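Only one structure is covered here, and it is reproduced in the block below.
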Amino acid sequence: MALRLYDTKTAAIRDFEPLQPGQVSLYYCGATVQGAPHVGHIRSGVVFDILTRWLEYTGYRVTSVRNVTDVDDKILQKAAASYAPGFEPSEDYPAEEPWFALAYRFEQVFNAAYGAVGVSRPTYEPRATGHITEMHALIQRLIDAGHAYPATDDSGDVYFDVRSWQRYGELTHQSVEDMQDAPDADPRGKRDRRDFALWKGDKPDDPTTAAWDSPWGRGRPGWHLECSAMSTKYLGSTFDIHGGGLDLRFPHHENELAQSAAAGDGFARFWLHNGMVTYEGEKMSKSIGNIITPEEMHAVARPVAVRYYLGQAHYRSQLDYKPGSLPEAEAAVERIENFLNRAGADYEYTAAEVMPDAFVAAMNDDLNVPAALAVLHETVRTGNSALDAGDDDAAVRHAAAVQAMITVLGLEELRAAEPAGAAAAEEALANLVQQQLDARAEAKAAKDFDTADALRSRLAAAGIEVEDTPQGATWSLTKGGV
RNA sequence: GGUGGGGUGGCCGAAUGGCGAGGCAACGGCCUGCAAAGCCGUGUACGCGGGUUCGAUUCCCGUCCCCACCUCCA
């Protein structure tokens with residue numbers, strides 16, 4: 001069964017066939033680097049990372065591009081505020097920080113947060129500020145085609161002419177007439193209130209570093225323009241998949257589509273949108289203040305559990321965060337981990353040999369990760385049964401299958417969770433623990449259970465968990481701290 | 001007002017016109033000196049009202065409620 005994906009534009013699940021056989025071009029919206037990421041941003045990264053991994057497993061060569069919007073009104077506002085009298089510096093926002101320093105700093109914070117949960121770096125991460133030339137070319141094409149115009153006032157803005165583009169609204173299935181008027185929208189020199197800025201004229205107070213010369217005067221790019229310019233530059237005028245959060249459908253993606261299509265580009269063939277992360281039913285967002293940061297999650301669960309949690313729901317579903325969510329994910333992850341550690345790693349199966357058909361079918365069905373996880377857990381259970389029955393061949397084969405599945409889901413670090421290590425300190429620790437375990441084994445052999453239990457308690461107090469198995473006692477560091 | 005997505009057992013979360021995905025939690029059993037891990041088993045789930053049907057959680061109509069977007073948003 002071939003891959004099928006839900007496309008927002010056609011509002012239907014369609015067979016996915018790339019433009020070029022064997023190759024997939026994927027563009028997905030990254031961050032406007034005006035602040036630290038929250039969990040919602042990271043979910044989006046995980047979703048498109050899983051998509052990329054699945055496409056690659058399926059045999060495609062994937063070119064993925066995720067933009068960095070490193071100049072916009074909010075970035076400039078925050079930087080400007082840091083120079084204002086009475087500004088109170090905080091951990092996130094120090095005093096007197098130029099806009100480009102702020103943007104670059106948060107770009108790195110974002111990358112660290114993505115990396116912490118195993119989101120692979122895209123093929124390329126272009127920055128808006130590095131593509132002003134391409135944006136100018138696109139604006140010129142739109143003006144030439146009669147779909148953009150310089151502002152009628154002297155602002156130096158250039159707007160997209162929504163009324164000139166019949167298809168405007170096609171992505172989100174809205175007609176311009178039915179759209180609610182934005183009462184706070186500044187009509188400025190617009191022909192229609194819904195016209196949006198392609199280019200924003202320089203204002204007297206703007207930093208000189210945040211303005212570029214253009215045929216329409218000095219200024220900076222409008223928000224939506226960079227994605228059109230950069231996606232088509234690196235992926236072609238028509239490319240396979242455009243992704244992003246559900247909240248980007250309108251206006252961001254609608255406007256991107258309008259710009260590119262009106263300029264004559266085919267643009268994205270599939271539009272994928274991931275669901276929001278909510279907290280007690282409400283969308284996580286800075287303005288509401290119900291943010292959970294990646295740091296807060298990492299404080300209560302290991303990265304692999306955080307990743308499991310963020311990826312476990314279907315990507316189009318809303319994901320509601322609750323205090324118990326992460327411990328639950330941790331428990332599920334440990335179950336998988338325990339099986340892999342029991343089964344050992346002595347197998348040489350290729351992923352294709354052992355990947356369960358049901359897993360493939362689930363992933364091909366619009367990335368049905370919940371169903372895929374069901375297959376994963378069934379495999380763990382069957383593998384555990386095989387171990388209990390002494391059928392090591394079957395167990396090893398199941399372990400290989402689990403390994404193949406968790407690699408696709410980006411949970412492969414589960415495999416490396418064993419306590420033994422090459423580092424000298426770990427070796428020394430292993431020696432000490434083993435001495436304790438030997439002493440305990442002697443006590444147990446002598447039926448001196450008080451001593452045996454005391455030894456186990458002392459290890460537990462030191463953060464070391466002991467488990468008895470038919471092959472003797474094993475130990476591990478207590479998960480998630482003591 | 002417009003557009004889109006939902007309401008599933010104690011919780012999370014899928015599929016499906018007919019045999020109750022999967023995980024977490026709970027309970028019972030096996031195993032174990034005990035524990036842990038593991039295995040087996042248990043639970044009268046589909047917002048409400050109609051309709052179609054031999055049969056509806058699933059399809060249709062109505063209705064209530066929730067969420068997202070309508071120019072800051074992952």
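Letters go in sequence order (proteins before strands), and every chain restarts at 1. Since this is a predicted model, take the numbers as computed values, not measurements.
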Practice task
Assert yes or no for the condition that the ring centre distance of A:His273 to A:His253 is strictly below 6.0 Å.
Solution key: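 Yes, close enough.
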
Problem - Whether over 12 other heavy atoms sit under 6.0 Å from A:Gln166 CD - result: no

Practice task
Quick one: which residue pairs count as a salt bridge (Lys or Arg N to Asp or Glu O under 4.0 Å) with a foot in residues 243-256 of chain A, not counting sequence neighbours?
Solution key: A:Asp247-A:Lys283

Got a salt bridge between [X] and [Y], using NZ or NE/NH1/NH2 to carboxylate O under 4.0 Å?
X	Y	answer
A:Asp206	A:Lys203	no
A:Asp195	A:Arg163	no
A:Glu280	A:Lys322	no
A:Arg342	A:Asp388	yes
A:Glu337	A:Arg302	yes

Phosphate contact ([N] OP1 or OP2) by [X] side-chain N/O below 4.0 Å:
X	N	answer
A:His173	B:U3	no
A:Lys322	B:C12	yes
A:Lys283	B:C69	yes
A:Thr8	B:G4	no

Problem - salt bridge (Lys or Arg N to Asp or Glu O under 4.0 Å) involving A:Asp240 - partner list, sequence neighbours excluded - result: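 With neighbours one apart ignored, the set is A:Arg269.
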
Distance between the [atom1] atoms of [N] and [M], in whole angstroms?
N	M	atom1	result
B:A37	B:A74	C1'	39 Å
B:G28	B:A35	P	12 Å
B:G43	B:G22	P	14 Å
B:C54	B:G62	P	24 Å
B:C48	B:G10	P	14 Å
B:C67	B:G47	C1'	15 Å
B:U53	B:U42	P	36 Å
B:C72	B:C65	C1'	29 Å

Problem - Derivation and outcome, salt bridge (Lys or Arg N to Asp or Glu O under 4.0 Å), residues A:Asp366 and A:Arg14 - result: CA-CA 9 Å; A:Asp366 193 30; A:Arg14 295 162 43 210; over 6 Å; no

Starting at atom [atom1] of [X], determine the distance to atom [atom2] of [N], rounded to an integer number of angstrom.
X	N	atom1	atom2	value
A:Met276	B:C67	CE	P	15 Å
A:Phe196	B:C70	CZ	P	15 Å
A:Arg194	B:U3	CZ	C1'	14 Å
A:Leu171	B:G2	CG	P	20 Å
A:Leu326	B:C11	CG	C1'	14 Å
A:Tyr309	B:C12	OH	P	11 Å
A:Arg249	B:C72	CZ	P	16 Å
A:Glu328	B:G22	CD	P	16 Å

With sugar-phosphate meaning primed atoms plus P, OP1 and OP2, does [X] contact a base, only sugar-phosphate, or nothing at under 4.0 Å between heavy atoms?
X	answer
A:Asn368	sugar-phosphate
A:Val277	base
A:Gly244	sugar-phosphate
A:Gly30	sugar-phosphate
A:His252	nothing
A:Tyr168	base
A:Gln318	sugar-phosphate
A:Phe110	nothing

Handout entry: Pairwise 5' ranking along RNA chain B for A:Pro251 and A:Asn274, keeping only the more 5' one
Key =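 Looking at RNA chain B, the more 5' nearest nucleotide goes with A:Pro251.
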
Practice task
Report the residue (A:Met284 or A:Ala313) whose heavy-atom-nearest nucleotide on RNA chain B is the more 5′ of the two.
Solution key: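 Taking each residue's closest nucleotide, the earlier one in sequence belongs to A:Ala313.
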
Exercise for the section: With A:Arg66 as the cation and A:Phe48 as the aromatic partner, state whether NZ or CZ is under 6.0 Å from the six-membered ring centre and within 45° of the axis. Expected result: no

Exercise for the section: Determine, for A:Tyr6 and A:Arg316, whether the Lys NZ or Arg CZ falls below 6.0 Å from the six-membered ring centre while staying within 45 degrees of the axis. Expected result: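 The answer is yes; both the distance and angle limits are met.
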
Handout entry: No-H, no-angle donor-acceptor pair, A:Glu378 side chain to B:G22 base, under 3.5 Å
Key =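 Per atom types, no contact qualifies.
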
Exercise for the section: When you get a sec, tell me which of B:G22, B:G13, B:C72 is the closest nucleotide to the side chain of A:Lys74? Expected result: B:C72

Practice task
Could you please name the option among B:G4, B:A14, B:A74 that lies closest to any side-chain atom of A:Tyr6?
Solution key: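 Looking only at side-chain atoms, A:Tyr6 lies closest to B:G4.
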
Output one line per pair: protein atom, nucleotide atom from nucleotides 26-28 of chain B, and distance, for all N/O pairs under 3.5 Å.
none

Completion exercise
For nucleotides 33-42 of chain B, 5' to 3', base contacts (B), sugar-phosphate-only contacts (S) and non-contacts (-) with protein non-hydrogen atoms under 4.0 Å give BBBBSSSS--

Practice task
May I ask you to check whether A:Asn67 and A:Thr69 show a side-chain donor-acceptor distance below 3.5 Å?
Solution key: yes

Practice task
Give the stems involving RNA chain B, where a stem is 3 or more consecutive Watson-Crick or G-U wobble pairs (i with j, i+1 with j-1, and so on) under 3.5 Å.
Solution key: B:1-7 with B:64-70, B:10-12 with B:22-24, B:26-30 with B:38-42, B:47-51 with B:59-63

Problem - Mutual orientation of the aromatic rings belonging to A:His224 and A:His252 [parallel < 30°, tilted 30-60°, perpendicular > 60°] - result: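 If you compare the ring of A:His224 with that of A:His252, the planes turn out tilted.
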
Fill in the blank from the handout: A:Phe267 meets the ring-ring contact (aromatic ring centres under 6.0 Å, His included) criterion, sequence neighbours left out, with A:Phe239, A:His242, A:Trp271

